[in-house]
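Structure, as structure tokens:
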Amino acid sequence: MPDYETHEYDVLVIGAGGAGLRAAIEASAEGARTALVCKSLLGKAHTVMAEGGIAAALGNVYEQDNWQVHFRDTMRGGKMLNHWRMAQIHAQEAPDRVRELERWGALFDRTADGRILQRDFGGHRFARLAHVGDRTGLEMIRTLQQHAVHRGIDVFMECTVTRLLKDGGESGAVSGAFAYWRESGRFVVFRAKAVVLATGGLCKVYSINSNSWEGTGDGHALATWAGADMIDMEFVQFHPTGMVWPLSVRGILVTEGVRGDGGTLKNAGGERFMFRYIPPMFAAETADTEAEADRWYNDRINARRTPDLLPRDEVARAINAEVKAGRGSPHGGVFLDIASRRDAAYIQRRLPSMYHQFRELADVDITQVAMEVGPTAHYAMGGVRVDPETGAATVPGLFAAGEVAGGMHGSNRLGGNSLSDLVVFGRRAGFGAAEHARGLGGLPHVDGESLELAATEALAPFEAGGNENPYTIHRELQEAMQALVGIIRTEGELAQAREQLGTFRERVQRVRVEGTRQYNPGWHLALDLRALLTVAELITQGAQARKESRGGHTRDDFPGPDAHFGTVNLVQRQRDGVLALREEPLPQMSDELRRLFEED
């Protein structure tokens with residue numbers, strides 16, 4: 001084996017967002033020697049961009065709220081395709097994880113009597129999101145980082161993992177990871193008894209997206225290449241409200257908290273159009289007049305919820321329909337108006353980040369005029385198939401939590417459930433990984449062949465004989481996915497996308513980068529392209545196979561839900577470089593929990 005820089009741990013956590021930090025904290029607390037590897041700097045994870053709040057049935061604003069209501073909301077938001085046990089664990093444990101953050105030093109906005117304040121978000125029956133203005137993710141990361149440092153966890157920043165290593169035995173167990181330092185390009189090997197993937201999302205595969213530069217699907221691809229089962233990959237959430245102007249900031253997220261605090265969506269004619277798009281599943285509890293919708297903000301018991309706070313998939317489709325009908329805003333979106341509904345002091349107190357974001361990036365004062373917003377690729381519901389109790393993947397020694405893990409959100413995620421998902425399942429994955437490591441003797445063997453393959457792959461862009469530019473391929477891949485596998489899909493466009501992805505794969509083999517491995521962003525992107533192509537293929541294959549419309553997946557040629565597809569997950573697995581897909585029945589919910597949905 002070549003003399004690479006090598007580190008040895010019981011548990012290796014890849015990703016330093018909310019899920020990764022919480023997993024590392026738990027693994028360390030269980031006595032495991034723990035390392036945290038992150039592609040960027042500590043504190044820069046995409047979790048900081050989660051603004052509106054963390055969903056948990058604390059019951060501080062509405063005492064009628066409880067975990068059963070939260071569970072029901074989550075399952076209905078995911079159109080019943082969620083893994084019911086994950087949704088149950090999440091709803092039951094989220095309050096404890098929020099109180100834990102508070103004990104560790106997190107600051108939250110407060111009710112008049114000093115309890116954690118909670119705000120309204122789409123799809124949640126009651127005000128349920130604990131928040132700090134609209135900077136909740138930042139506060140969560142700050143708190144978890146401070147606690148993690150005290151745990152003595154080793155942190156490797158600006159270090160990118162390109163391959164999971166395996167032991168070479170019949171079990172195919174994961175035995176570590178191959179990575180490189182972004183500053184120097186030097187290779188580094190991590191040997192570990194257990195690996196936790198907490199790498200976040202993949203939406204940089206789309207041209208209009210809310211993700212930071214790290215969101216290239218690394219964890220989804222690493223798990224796929226390692227042979228793990230992937231689930232629900234066809235479901236990509238297009239958040240209904242991203243900035244649409246100026247073009248330099250198109251796609252940057254506008255928090256759902258704007259609508260939770262009274263903002264309304266309007267078309268070019270000033271019409272509050274969401275009343276036209278209330279789906280049957282939510283009709284009984286959604287206001288069908290402006291008067292009732294406005295009354296709901298002060299009377300949640302006797303008035304029905306405003307349709308502006310329907311689940312994200314419903315709102316995104318409605319905005320898309322208004323724009324296609326010629327009723328959009330000047331720059332291709334719709335208007336989000338809070339200026340006419342709340343005074344300036346309220347807006348600046350409740351939405352400070354949104355106020356500054358629009359002033360600095362668009363020269364718009366949201367206390368005076370409406371925002372222009374439109375759908376933006378935001379979140380992957382699909383990911384690594386995991387055991388709900390432990391976060392274990394189908395490959396021994398591999399665990400996953402957060403956005404890289406599938407099952408929890410079904411076909412559509414409710415706002416605010418992401419942050420509680422991170423800490424609930426980050427904790428469980430960290431504990432599961434530590435337990436797995438404890439059950440092993442020494443460090444597992446690292447297969448020398450896979451190590452050399454990883455090194456050869458990483459160096460290939462310097463040695464390729466072609467002249468393809470990684471930036472050009474990335475831009476064209478994003479444009480193809482946006483146009484052909486975006487918010488609305490058809491058989492013809494999906495088939496065209498799969499054909500183009502084959503061409504992209506050939507072109508990536510001819511990518512050539514110049515210079516050395518030191519400070520070489522072109523090389524970094526060339527390596528990211530392998531992951532981006534893999535997740536593009538997962539999404540497109542799943543979207544073509546699911547011949548119905550459900551949640552974040554809309555087929556124009558199959559516009560309604562199909563009863564059969566409501567009973568199965570699509571599971572994908574790669575073997576010998578070939579991606580195969582199969583249907584598997586949904587896990588069966590207990591009769592006790594099923595009774596919660598009888599009124600539906």
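Hydrogens, waters and symmetry mates are skipped; everything else that's a heavy atom, side chains included, is used.
Panel note: side chain R259, backbone D308; a donor-acceptor pair is recorded below 3.5 Å. Side chain of Q572 to main chain of L538: a donor-acceptor pair is present (N/O by atom type, distance under 3.5 Å, no hydrogens or angles). Remark: the backbone N or O of G551 is paired with a side-chain donor or acceptor of R317 at under 3.5 angstrom. Without hydrogens or angle criteria, T47 side chain to G18 main chain gives a donor-acceptor distance under 3.5 Å. Of the possible polar contacts, one joining the N412 side chain to the G77 backbone as a donor-acceptor pair under 3.5 Å is found. Not a single donor-acceptor pair under 3.5 Å links the side chain of H564 to the backbone N or O of D562. Counting only distance, with no hydrogens or angles, the side chain of T306 and the backbone of L309 share no donor-acceptor pair below 3.5 Å. Looking only at distances, a side-chain donor or acceptor of Q118 sits under 3.5 Å from a matching main-chain atom of A56. Of the possible donor and acceptor atoms, none in the side chain of R573 sits under 3.5 Å from a partner among the backbone N and O of A580. Checking side-chain atoms of D557 against main-chain N and O of E491 turns up a donor-acceptor pair under 3.5 Å.
When every heavy atom of S171 is checked against every heavy atom of D167, the shortest pair comes out as OG-OD2, 3.6 Å. Nearest approach of E493 to I488, heavy atoms of both residues: OE1-O, 4.2 Å. Here the closest heavy-atom approach between residue L81 and residue D232 is recorded as CD2-OD1, 4.3 Å. When every heavy atom of A563 is checked against every heavy atom of T567, the shortest pair comes out as O-CG2, 3.5 Å. Across all non-hydrogen atoms, the minimal contact from L12 to A177 is CD2-CB, 3.7 Å. For the pair A192 and P444, the tightest heavy-atom approach, listed with the atom from each and the gap, is O-CG, 3.5 Å.
Two residues are said to be in side-chain contact when any heavy atoms from C-beta on lie closer than 4.5 Å; M80 and M589 meet this criterion. Side-chain contact check for V69 versus R128: some heavy-atom pair is nearer than 4.5 Å. Residues F282 and R76 are in side-chain contact: their nearest non-hydrogen atoms beyond the backbone lie under 4.5 Å apart. A heavy-atom distance below 4.5 Å is not found between the side chains of T143 and M140. In this structure the side chain of V386 reaches within 4.5 angstrom of the side chain of M86, judged on heavy atoms. A 4.5 Å side-chain heavy-atom check between M481 and T540 finds at least one atom pair inside the cut-off. Side-chain atoms of H83 and M408, non-hydrogen and from C-beta on, never get closer than 4.5 Å to each other. The side-chain heavy atoms of L117 and V61, taken from C-beta on, include a pair separated by under 4.5 Å.
Taking the six-membered ring for Trp and thresholds of 30 and 60 degrees, H436 and F399 have ring planes more than 60 degrees apart, a perpendicular arrangement. Relative orientation of the F425 and H90 rings is parallel, given thresholds of 30° and 60° on the angle between their planes.
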Inset, instruction - Apply the test salt bridge (Lys or Arg N to Asp or Glu O under 4.0 Å) to residues E234 and R546: give CA-CA distance (whole Å), side-chain angles for both, the deciding distance (0.1 Å), then the verdict. - result: CA-CA 8 Å; E234 64 272 28; R546 183 170 287 275; 2.6 Å; yes
Inset, instruction - Take H409 and F235, measure what ring-ring contact (aromatic ring centres under 6.0 Å, His included) needs, and give me the verdict at the end. - result: CA-CA 10 Å; H409 304 290; F235 297 114; over 10 Å; no
Inset, instruction - Show your reasoning for whether side-chain contact (heavy atoms from CB on, under 4.5 Å) applies to L21 and I153. - result: CA-CA 10 Å; L21 285 165; I153 298 161; over 6 Å; no
Legend entry - Check against side-chain contact (heavy atoms from CB on, under 4.5 Å), R85 and E389: CA-CA 8 Å; R85 179 57 179 152; E389 313 294 335; 2.8 Å; yes
Inset, instruction - Just do the salt bridge (Lys or Arg N to Asp or Glu O under 4.0 Å) check on E314 and K79 with the steps written out, would you? - result: CA-CA 11 Å; E314 309 291 354; K79 306 301 188 289; 3.4 Å; yes
Inset, instruction - List the steps, then state whether side-chain contact (heavy atoms from CB on, under 4.5 Å) holds for R582 with D229. - result: CA-CA 10 Å; R582 67 185 186 276; D229 281 0; 3.2 Å; yes
Inset, instruction - Please step through salt bridge (Lys or Arg N to Asp or Glu O under 4.0 Å) for the pair E214 and K44, ending with a clear verdict. - result: CA-CA 10 Å; E214 300 102 323; K44 296 291 186 180; over 6 Å; no
Inset, instruction - Test side-chain contact (heavy atoms from CB on, under 4.5 Å) on T136 and L129 and set out the steps. - result: CA-CA 10 Å; T136 313; L129 272 75; over 6 Å; no
Inset, instruction - Test salt bridge (Lys or Arg N to Asp or Glu O under 4.0 Å) on R99 and E102 and set out the steps. - result: CA-CA 5 Å; R99 296 185 190 105; E102 184 181 36; over 6 Å; no
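How far CG of L533 is from CG of D528: 11.5 Å, rounded to the nearest 0.5 Å. To the nearest 0.5 Å, atom OH of residue Y277 and atom CD1 of residue I319 are 10.0 Å apart. A distance of 9.5 Å separates CG in N569 from CG in N82, rounded to the nearest 0.5 Å. A distance of 7.0 Å separates CD1 of I208 from OG1 of T376, quoted to the nearest 0.5 Å. Annotation: the span from I14 atom CD1 to C38 atom SG amounts to 11.5 Å, rounded to 0.5 Å. We find the NE2-OG1 distance between H46 and T199 to be 12.5 Å, quoted to the nearest 0.5 Å.
A donor-acceptor contact closer than 3.5 angstrom links the side chains of H378 and S210. Counted by atom type alone, S590 and E592 present zero donor-acceptor pairs between their side chains at under 3.5 Å. Counting only N and O atoms by type, the side chains of R163 and S450 include no donor and acceptor under 3.5 Å apart. Inspection of the T74 and N417 side chains reveals an N or O donor paired with an N or O acceptor under 3.5 Å. Using modelled atom types and a 3.5 Å distance limit, the side chains of D313 and Q237 yield no donor-acceptor pair. A side-chain donor from one of K39 and T216 sits under 3.5 Å from a side-chain acceptor of the other.
When each of R413, H553, E403 is checked for a side chain to side chain contact (heavy atoms under 4.5 Å, CB included) with M381, only R413 meets the rule.
No salt bridge links R427 with E100; every basic N to acidic carboxylate O contact stays at or beyond 4.0 Å.
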